[in-house]
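Single-structure report; data block below.
For the single chain, residues carry numbers from 1 onward in sequence order.
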Amino acid sequence: MLKLGVDFGLSNTDVVLVENDQILAHQTLKTGPASPEALRGVLHHLNVQSSELGAIASAGGLSRHLPDTFEGLPVEKISEAQAVGRGALALSGLTEALVVSAGTGTAMIAARGAEAQHFTGSAVGGGTLLGLSRLLLGTSDPLEVARLAEAGNPSGVDSTLVDVIGGGIGHLPPDATAVNFGRLVEGANPSREDLAAGLVTLVGQVIAMIAINAAQAAGLSQIVIVGHLPDLKPMRQAFERVWYFYQIEPRPLIPHLSGLATAYGAALCV
């Protein structure tokens, strides 16, 4: 059976066509909130007729307000936690994990097999990065922010342990962050590149540290990060620095097609 999975996010709409649990096609679109008109736009972009589908599964973005049927097809409304957990486990090949859905905001799901529950989260996410970037850098284009961050150094804005206490502490090296944006208090005048690097570091560290603590609290050894925030290379590097500094094993995973986890998981639930 050919199924359509749709994740209506705050910024993007992710869509997948799934048959026999395999992704046949996928796109990331801007459709606005969930609505019958948005679903028609999705089918148009995929060049698929509703008559070719066996089911539509929707998650996120007010999808609960969709009608129960669309052009004669049942519309299954899947909870965000179930969709994220199911999709992340399928993409990573795991049976259980603390799933970090890093999108506009950040949700953390304790996923064990077919069971998935919202465990914790943070209002810090991609929306935080782009909102602050608009104020401090004059752009909210994620690719531009990433380009600037790759050329910058977060130490241009962040105070490090060597600045604050003269060296490392425990397993943290001297160049680990002690105070995000601490140098600005001292009157530093950083470049746009260093500001971008500092913003990415701030958001990445908040998400990674909460994830480490949440995984321990949930009794889950493996962390899986999904969503579109990891699409940005500097963000992945910010996560990796935290894993390295805190010697996290097994290393958290960012599976291929991680941004499609929720849409894929929704389709798998029907």
Side-chain angles (χ1 to χ4, degrees), residues 9-12 14 26-28 30 91-92 100-106 122-164 168 172-212 223-248 251-261:
L10 291 176
S11 303
N12 301 304
D14 294 307
H26 60 84
Q27 286 195 29
T28 297
K30 291 191 179 296
L91 290 174
S92 61
V100 179
S101 180
T104 308
T106 304
S122 173
V124 173
T128 310
L129 175 66
L130 298 184
L132 291 175
S133 293
R134 183 175 180 273
L135 287 174
L136 297 177
L137 304 174
T139 180
S140 57
D141 178 353
L143 297 181
E144 174 69 3
V145 174
R147 185 191 67 78
L148 289 168
E150 285 191 84
N153 186 340
S155 295
V157 297
D158 295 341
S159 299
T160 63
L161 287 176
V162 73
D163 297 325
V164 175
L172 296 178
D175 63 344
T177 307
V179 184
N180 294 102
F181 284 75
R183 288 192 186 278
L184 300 191
V185 179
E186 304 163 6
N189 187 25
S191 65
R192 291 178 78 231
E193 290 80 4
D194 287 354
L195 278 171
L199 286 171
V200 168
T201 297
L202 170 65
V203 172
Q205 286 178 342
V206 168
I207 293 172
M209 289 304 304
I210 294 175
I212 291 170
I223 297 170
V224 177
I225 303 180
V226 297
H228 284 294
L229 197 54
D231 291 346
L232 304 179
K233 181 180 177 181
M235 187 60 64
R236 296 195 301 273
Q237 293 172 332
F239 291 148
E240 285 293 337
R241 285 195 293 272
V242 175
W243 314 145
Y244 174 74
F245 286 163
Y246 285 89
Q247 303 171 12
I248 302 303
R251 275 290 198 269
L253 301 177
I254 301 175
H256 179 55
L257 300 179
S258 65
L260 302 176

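Taking 4.5 Å as the limit, every side-chain heavy atom of S155 sits out of range of all side-chain heavy atoms of D175. For the pair P173 and L161, the minimum side-chain heavy-atom distance is 4.5 Å or more. Residues R241 and Q205 are not in side-chain contact: their nearest non-hydrogen atoms beyond the backbone lie 4.5 Å or more apart.
T106 places no side-chain N or O within donor-acceptor distance of the main-chain N or O of A102, the cut-off being under 3.5 Å. Judged purely by atom type and a 3.5 angstrom limit, D194 uses its side chain to pair as donor or acceptor with the backbone of N153. In this structure a side-chain-to-backbone donor-acceptor pair under 3.5 Å is present from R192 to L137. Not a single donor-acceptor pair under 3.5 Å links the side chain of N12 to the backbone N or O of K30.
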Could you give me the CA-CA distance, side-chain angles and deciding distance for L132 and V203, then say whether side-chain contact (heavy atoms from CB on, under 4.5 Å) is met?
CA-CA 10 Å; L132 291 175; V203 172; 5.8 Å; no
Stepwise side-chain contact (heavy atoms from CB on, under 4.5 Å) test for D158 and T201
CA-CA 9 Å; D158 295 341; T201 297; 3.8 Å; yes
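In this structure, CG in D14 is found 10.5 Å from CD in Q27, a value given to the nearest 0.5 Å. We find the CD1-CD distance between I248 and E240 to be 11.5 Å, quoted to the nearest 0.5 Å.
Salt bridge present: E144 and R147 bring a charged side-chain N and a carboxylate O closer than 4.0 Å.
R134 CZ: 12 or fewer foreign heavy atoms inside a 6.0 Å radius. Atom OH of Y246 sits in a sparse spot, with 12 or fewer heavy atoms from other residues, nucleotides or ligands closer than 6.0 Å.
When only modelled atom types and interatomic distance are considered, S11 and T104 share a side-chain donor-acceptor pair under 3.5 Å.
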